Amino acid sequence: MPNELYEKRAEQMFPKLTKAQIARLEPHGVHLPTTKGLVLIEPGDHERKMIVVLAGSLKVTVPGVDEQVIRPLVPGDFAGEMSTLRGTPGFARVEVSEAGEVLVVTDSDLRVVVQTDAELSEIFMRAFILRRMGLISSPNSAMTLIGSRYCGHTLMLREFLARNAHPHFYLDAEVDAEAAGLLERAGLTAGDVPAVIGRGRALRKASLRQLAEFLEINPEIDPEAIHDVLVVGAGPAGLAGAVYAASEGLDVRVIDSFAPGGQAGTSSRIENYLGFPTGITGQALAGRALVQSQKFGARFHVACDAVALHCDSWPYRVEMADGRIARARTVLIATGAQYRKPDLPNLDKYAGVGLYYAATHLEGKMCQNEEIIVVGGGNSAGQAAVFLAGGCRHVHILVRSEGLAETMSHYLIRRIQESPNITLHTRTQIVSLEGEHELEHVTWTDARTGEQERRPIRHVFLMTGAAPNTEWLKDCVNLDDKGFVRTGADLSKDELTAARWPLSRAPYIMETSLPGVFAVGDVRSGSVKRVASGVGEGSICVQFVHRVLRELPAVFG
């Protein structure tokens, strides 16, 4: 077995289907006789399918530096993982070991099964998720990222792969001896780092969009297709909207500039979200919601930046940075907010090499046993400080206010107060950053005394304020003075008149000044900046989407 997960969860990862369960699957598949040596699935295949063994046996392997043999599949077993359901290329090779017969179920037929058969849905979903976890946790992978600890772009690509749950192996060109040889065999040099190598191909210094294309993780967008709902932003609010809309039979497409989860996806542990008394990481919560929405048929695109909403005609059009257009009858704006950057002259120099805007396990490993700084007084900052304190020598929390009581949940304040290696500095802010190639020293000032303190600190986590991601909306919807989207009762009669509101009714809750365009979550003016609030807004918004889908054809013809 390749790792402990395969041993601990073997029964759930590789459940045996009964004859009755296979009989229910047969109308959705095609019987195929097999011969020894026949390859049924190759890594990267564009024809996605699940294989159920009826007779004979199959061998499942994952290519990489060393070929990884998963386990033999015998009658009642099935081959497939999350790629099968998502309709994206997979990672394993499935070859016939002993001649027999299999049932082949395509990805589209599989989605019908998981939406209509509760028992099979539970079996397949659990197995697929655990198998993907096994691929991610394996030390072997067909895809290798070679980067440098002195390169902020490397960290961005590592976070992209991790948060999109894409199996890969990471090598640091500065310390891993095998990196040079792998680069040479791919026809690359150290100057091409960060580089992604796999399946006989190589990609140097990739943008997120180029990496997504290289990995083939996004389905095609038909520019002529008109979706019922286009969700822009896959944070908690957008994911909730996608789950509920898709589960109610609507045609849903979701685009996000990075990965599912939004800002919440970077949270190390959320402990006050309903139903998770022991807490859950933001990435785990986002991953579950993603799988849930895809189960119901929602289609996702990552590394897709929305640059313009074209509202001069209906259906609406959203233009992306690469020039592609997605058309939809309704639009759900869920682009959230990003942390504000302090006014420091060399801030961008240390991005990813000392300055971070997320505190996941990836960043946590980089600052083990070190002294660090967390800037910010909200829940995200508190969660980061508590999480990082578990592995760091000391954590300094810097806030410009008099304390945390007005901005942070009480349970987090208690954790901070009771942690011996966390120090809270009130009325304090960073005034300078120093370091040749990476961050080496930080100086902060106490606003009460004017005293400055310079410390040899190499890692700073910035989690301050909120700036809405609304630049792409231009003049299509009404924004408040801070750039957040006004909705519902917050829109005055004068504002609706100026926006040429065409309906006799007032905007629905969370509907913007443009009919059929909704705003949910952190991007909405007056929203409560909590995960549960965003999920609630995305969920209840769908009932108004149904109403609008009935109204707008009569209005716009």
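Treat the numbers as computed from the prediction; the structure is a model and nothing was measured.
A 6.0 Å sphere centred on CG of D343 holds no more than 12 heavy atoms belonging to other residues, nucleotides or ligands. Within 6.0 Å of the CZ atom in R288, the count of heavy atoms belonging to other residues, nucleotides or ligands does not exceed 12. Counting non-hydrogen atoms of other residues, nucleotides and ligands closer than 6.0 Å to NZ of K474 gives a total above 12. In R199, the CZ atom is crowded: over 12 heavy atoms of neighbouring residues, nucleotides or ligands sit closer than 6.0 Å.
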Does the pair K341 and D348 meet the rule for a salt bridge (Lys or Arg N to Asp or Glu O under 4.0 Å), with working shown? CA-CA 10 Å; K341 296 181 179 181; D348 292 339; 3.7 Å; yes
Take Y316 and H310 through the ring pair (Phe, Tyr, Trp, His ring centres under 6.0 Å) test and state the conclusion after the steps. CA-CA 6 Å; Y316 302 117; H310 296 285; over 10 Å; no
Show your reasoning for whether side-chain contact (heavy atoms from CB on, under 4.5 Å) applies to W472 and T335. CA-CA 10 Å; W472 63 285; T335 43; 3.6 Å; yes
Between Y357 and T266, does the side-chain contact (heavy atoms from CB on, under 4.5 Å) criterion hold? Intermediate values first, please. CA-CA 8 Å; Y357 297 91; T266 67; over 6 Å; no
List the steps and the verdict of side-chain contact (heavy atoms from CB on, under 4.5 Å) for I325 and V318. CA-CA 6 Å; I325 297 288; V318 172; over 6 Å; no
Criterion ring pair (Phe, Tyr, Trp, His ring centres under 6.0 Å) on H546 and Y244, from CA distance to verdict: CA-CA 11 Å; H546 284 291; Y244 278 84; over 10 Å; no
What verdict does the side-chain contact (heavy atoms from CB on, under 4.5 Å) test give for V523 and N469, after you've listed the backbone C-alpha separation in whole Å, the side-chain angles of each residue and the deciding distance to 0.1 Å? CA-CA 7 Å; V523 75; N469 296 314; 5.6 Å; no
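Taking 4.5 Å as the limit, some side-chain heavy atom of N218 sits within range of a side-chain heavy atom of C304. The shortest side-chain heavy-atom distance between I136 and S141 does not fall under the 4.5 Å cut-off. Put simply, the side chain of P507 does not reach to within 4.5 Å of the side chain of S513, judged on heavy atoms. The shortest side-chain heavy-atom distance between L161 and L211 falls under the 4.5 Å cut-off. Considering only heavy atoms from C-beta on, I372 comes within 4.5 Å of L388 through its side chain. Within the 4.5 Å cutoff, the side chain of L332 has no heavy atoms near those of the L230 side chain. Residues V196 and M143 are in side-chain contact: their nearest non-hydrogen atoms beyond the backbone lie under 4.5 Å apart. Side-chain contact between T88 and R48 is absent, with no heavy-atom pair separated by less than 4.5 Å.
For the atom pair CG (L514) and OG1 (T330), the distance works out to 11.0 Å, reported to the nearest 0.5 Å. With values rounded to the nearest 0.5 angstrom, D176 atom CG is found 7.0 Å from F169 atom CZ. In this structure, CG on N478 lies 11.0 Å from CG on L473, to the nearest 0.5 angstrom. To the nearest 0.5 Å, atom CZ of residue F276 and atom CZ of residue R269 are 11.0 Å apart. One distance of note links CZ of R327 with CZ of R317; it measures 8.0 Å at 0.5 Å rounding. Atoms CD and CG, on E471 and D305 in that order, are 10.5 Å from each other to the nearest 0.5 Å.
We find that D522 and K529 are not joined by a salt bridge, their nearest charged nitrogen and carboxylate oxygen being 4.0 Å or further apart. One finds a salt bridge joining R299 and D251 here, because a Lys/Arg side-chain nitrogen approaches an Asp/Glu carboxylate oxygen to under 4.0 Å. Remark: R458 does not engage E440 in a salt bridge, criterion side-chain N to carboxylate O under 4.0 Å. Salt bridge absent: R547 and E551 never bring a charged side-chain N and a carboxylate O closer than 4.0 Å. A salt bridge is absent between E174 and R149; no separation between the charged side-chain nitrogens and carboxylate oxygens falls under 4.0 Å. With respect to D322 and R324, a salt bridge is recorded, a charged nitrogen being found less than 4.0 Å from a carboxylate O.
No donor-acceptor pair closer than 3.5 Å links the side chain of R163 to the backbone N or O of F258. Looking at R524, its side chain never comes within 3.5 Å of a backbone N or O of R486 through a donor-acceptor pair. Judged by distance alone, with hydrogens and angles left aside, the side-chain atoms of S539 form a donor-acceptor pair with the main-chain N or O of V535 at under 3.5 Å. In this structure, K205 contributes its side chain and H153 its backbone to no donor-acceptor pair below 3.5 Å. Not one N or O on the side chain of S267 forms a donor-acceptor pair closer than 3.5 Å with the backbone of I270. T189 contributes no side-chain N or O that, together with a main-chain N or O of L183, makes up a donor-acceptor pair within less than 3.5 Å. Looking at E537, its side chain never comes within 3.5 Å of a backbone N or O of M510 through a donor-acceptor pair. Between the side chain of Q210 and the backbone N or O of S207, at least one donor-acceptor pair lies under 3.5 Å. Looking only at distances, no side-chain donor or acceptor of D256 sits under 3.5 Å from a matching main-chain atom of P260.
Residues H168 and F160 keep their aromatic ring centres 6.0 Å or farther apart.
In this structure, R158 forms a cation-pi arrangement with Y170, its terminal cationic atom sitting closer than 6.0 Å to the ring centre and no more than 45° off the ring axis.
A side-chain donor-acceptor contact under 3.5 Å links R253 and H301. Looking only at atom types and distance, the side chain of Q283 has no donor-acceptor partner in the side chain of T281 under 3.5 Å away. Between the side chains of Y508 and T487, no donor-acceptor pair is found at a separation under 3.5 Å. For the 3.5 Å distance criterion, the side chains of N379 and S409 qualify, holding a donor opposite an acceptor. Q294 and R86 form a side-chain donor-acceptor contact under 3.5 Å, judged by distance and modelled atom types alone.
The aromatic rings of H361 and F387 stand perpendicular to each other, their planes meeting at an angle above 60°, with 30° marking the opposite boundary. The aromatic rings of H166 and F91 sit perpendicular, their planes meeting at an angle over 60°, well past the 30° parallel limit.
With C392, the cysteine C367 has an SG gap of 2.5 Å or longer.
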